[in-house]
Student: 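Dumping the structure here so I can ask a few things about it.
Reckoned from all heavy atoms, side chains included, excluding hydrogens, waters and symmetry mates. Both counts, for ligands and for their atoms, begin at 1 and track the order of listing.
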Amino acid sequence: MSTEAEERMAIRIDGREVAEQILANVASRVDSRRRRGLPPPHLAVVLVGHDQASETYVRGKRRDAERVGIASSDHRLPETATTAEVVELVARLNHDPEVSGVLVQQPLPLQVEVAAVVEAVDPAKDVDGFHPLNAGRLLLGQPGILPCTPAGILRMLDHYGVVLEGRRAVVLGRSNIVGKPTAVLLLRRHATVTVCHTRTRGLAEVCREAEILVAAAGRRHLVRPDWIRPGAAVIDVGVNRGPDGRLSGDVDPEAARVAGWLSPVPGGVGPVTRAMLMANTLQAEEERRP
Ligand code: NAD
């Protein structure tokens, strides 16, 4: 028999479970294409320099791809590469008929102009969904490739049957890769959305209004339990590495005593984001060769 305290705990939004479902679906669609005699989708990853974290991410992407039958290739440039050199490599991959999706791993070395590189990627192969054309399509509600983390957040909420329509949603963070696109996706699903940032006044009160709260500030345990509206669905996007190397989110885990649903860190948004990259690579290939 469960105790009263346990009964009050939030439902844990299990990112690994959601990711498994996405990957299983991708694997079965890739397999049915194979049976129709079509080549596998191919993800090309561009890596500039030797960032340790990037190396780990890229290895993870390669493993995910292998698991679902997607081919992948790494394309490396030295730490000293110029913007023109990165753009030239991207252009070559854009024109390569074998390649379905091109991902440029960030961060890029300081001398490389990020916007120029992002714009160099063919929007049809932009599996990160960062190209201005795809960002514009997202804003206009047109079909296109969605950025992995925001799309993953919506998948998590849907998987757990969280109703969005007509609900008050608060997104904490306004970055181009997480906060803004997540706010737009929630708006597209008819939530009433507030976006908060470093200059927001009365942050705690605004968060307390949220029936859906997405925390993407990158500040360890910024969101306290008393910022949470009882029963709210809380998605913790933050990944903060402590001095001991351990990862923690933007939401104090004690928030589970107040929230209705809460995604953990690690094991929440991270695995779903990775799975969405595979889904996007397949989507790009399906649109190229139906
Ligand atoms: P970012 O630094 O570009 O943006 C952070 C945003 O939060 C900014 O808009 C800023 O205004 C706001 N913010 C920061 N501190 C705040 C404060 N004290 N009060 C109010 N607003 C504040 O970061 P990002 O790229 O959007 O990523 C956010 C977090 O999500 C990071 O921890 C990042 O590591 C994590 N992340 C995780 C995944 C994943 O797959 N799990 C993917 C992307 C990002």
Side-chain angles (χ1 to χ4, degrees), residues 12-19 22-23 45 51-54 56-61 63-64 103-108 114-115 118 127-130 135 138 146-157 169-186 193-210 213-224 226-228 234-243 245-253 255 262-280:
R12 184 174 182 276
I13 295 188
D14 186 343
R16 296 197 177 100
E17 185 186 305
V18 179
I22 295 165
L23 292 174
V45 179
D51 183 73
Q52 259 321 308
S54 293
T56 310
Y57 292 143
V58 168
R59 263 200 307 278
K61 284 165 189 172
R63 262 200 314 272
D64 291 342
L103 178 143
V104 181
Q105 185 66 47
Q106 292 194 31
L108 288 163
V114 178
V118 169
V127 286
D128 253 340
F130 293 165
L138 163 66
L146 298 175
C148 298
T149 301
I153 291 168
L154 272 285
R155 291 284 190 110
M156 293 164 85
L157 292 165
V170 172
V171 180
L172 184 42
R174 60 171 165 188
S175 73
N176 289 334
I177 63 166
V178 188
K180 271 190 235 168
T182 302
V184 173
L185 284 178
L186 289 165
V193 185
T194 304
V195 182
C196 298
H197 44 82
T198 41
R199 298 190 200 178
T200 298
R201 283 179 288 153
L203 193 55
E205 289 84 75
V206 180
C207 289
R208 260 196 294 275
E209 285 184 12
L213 177 63
V214 178
R219 299 281 179 273
R220 183 181 184 271
H221 297 183
L222 171 70
V223 178
R224 317 295 311 168
D226 66 345
W227 292 24
I228 310 280
V234 182
I235 303 287
D236 190 353
V237 188
V239 177
N240 309 291
R241 197 175 286 279
R246 284 180 55 183
L247 297 183
S248 39
D250 285 359
V251 179
D252 184 332
L262 176 62
S263 73
V265 177
V269 175
V272 185
T273 295
R274 279 171 56 180
M276 285 311 302
L277 177 64
M278 297 302 124
N280 280 355

Student: For Thr182, run the side-chain contact (heavy atoms from CB on, under 4.5 Å) check against Leu185, Leu186, Val184 and tell me which one passes.
Tutor: Leu186
Student: Closest non-hydrogen protein atom to atom 17 (C) of ligand 1, residue and atom name please, with distance?
Tutor: Leu222 CD2, 3.9 Å
Student: Closer than 4.0 Å to some heavy atom of Val237 - which atoms of ligand 1 meet that?
Tutor: 30 (O), 35 (C), 36 (N), 37 (C), 41 (N)
Student: When only distance counts, is Leu172 in polar contact with ligand 1, meaning an N/O pair under 3.5 Å?
Tutor: no
Student: Minimum heavy-atom separation for Val269 and Ser263, please, with both atom names.
Tutor: CG2-OG, 4.4 Å
Student: With heavy-atom distances below 4.0 Å as the criterion, list the atoms of ligand 1 near Leu203.
Tutor: 19 (N), 20 (C)
Student: What's the shortest distance from atom 21 (N) of ligand 1 to any protein heavy atom, and which residue and atom give it?
Tutor: His197 C, 3.1 Å
Student: Give me the nearest non-hydrogen protein atom to atom 40 (O) of ligand 1 as residue plus atom name, then the distance to 0.1 Å.
Tutor: Thr273 OG1, 3.1 Å
Student: Of all the non-hydrogen atoms in the protein, which one sits nearest to atom 1 (P) of ligand 1, and at what distance?
Tutor: Ser175 CB, 4.1 Å
Student: Using a strict cut-off of 4.0 Å, indicate which atoms of ligand 1 neighbour a heavy atom of Ile177.
Tutor: 25 (O)
Student: Taking all heavy atoms of Val195 and all of Thr200, pick out the closest pair and write down the distance.
Tutor: O-OG1, 4.5 Å
Student: Against heavy atoms of Arg174, which atoms of ligand 1 measure under 4.0 Å?
Tutor: 6 (C), 8 (C), 9 (O)
Student: Atom OG1 in Thr198, atom CG in Leu203: separation rounded to 0.5 Å?
Tutor: 10.0 Å
Student: Can you list the ligand 1 atoms lying under 4.0 Å from a non-hydrogen atom of Gly270?
Tutor: 40 (O), 41 (N)
Student: Checking a contact table here: which protein heavy atom is nearest atom 10 (C) of ligand 1, and how many Å away?
Tutor: Thr198 CG2, 4.1 Å
Student: Contact between Ala216 and ligand 1, counting heavy atoms under 4.0 Å?
Tutor: yes
Student: Rounded to the nearest 0.5 Å, how far does CG of Leu172 lie from SG of Cys196?
Tutor: 6.0 Å
Student: Indicate yes or no: does an N/O atom of Asp250 lie under 3.5 Å from an N/O atom of ligand 1?
Tutor: no
Student: With heavy-atom distances below 4.0 Å as the criterion, list the atoms of ligand 1 near Val178.
Tutor: 26 (O), 43 (C), 44 (C)
Student: What's the separation between atom CG in Asp64 and atom CZ in Arg59, rounded to the nearest 0.5 Å?
Tutor: 13.0 Å
Student: Just how far is it from atom SG of Cys148 to atom CG of Leu277, taken to the nearest 0.5 Å?
Tutor: 5.0 Å
Student: The test is side chain to side chain contact (heavy atoms under 4.5 Å, CB included); show your working for Trp227 and Leu222 and say whether it passes.
Tutor: CA-CA 10 Å; Trp227 292 24; Leu222 171 70; 4.1 Å; yes
Student: Rounded to the nearest 0.5 Å, how far apart are CD1 of Ile22 and CE of Met156?
Tutor: 9.0 Å
Student: Looking only at non-hydrogen atoms, find the nearest pair between Pro147 and Ile177 and report the distance.
Tutor: CB-O, 4.4 Å
Student: Looking only at protein heavy atoms, identify the closest one to atom 2 (O) of ligand 1 and say how far it is in Å.
Tutor: Ala217 O, 4.6 Å
Student: Give the residue and atom name of whichever protein heavy atom lies nearest to atom 42 (C) of ligand 1, and the separation in Å to one decimal.
Tutor: Thr149 OG1, 3.2 Å
Student: Can you tell me how far CD of Gln106 sits from CG of Asp128, rounded to the nearest 0.5 angstrom?
Tutor: 7.5 Å
Student: Please check atom 26 (O) of ligand 1 for a protein heavy-atom neighbour under 4.0 Å.
Tutor: yes
Student: Please could you name the atoms of ligand 1 that Gly173 approaches to less than 4.0 Å, counting only its heavy atoms?
Tutor: 6 (C), 7 (O), 9 (O), 12 (C)
Student: Return the minimal non-hydrogen interatomic distance between Asp250 and Arg219, and the atom names on each side.
Tutor: OD1-N, 2.9 Å
Student: Only heavy atoms count here, so choose which of Gly218, Cys207, Gly179, Ala215 is nearest to atom 31 (C) of ligand 1.
Tutor: Gly218
Student: Who's the nearest protein heavy-atom neighbour of atom 33 (C) of ligand 1, and how far?
Tutor: Val239 N, 4.2 Å
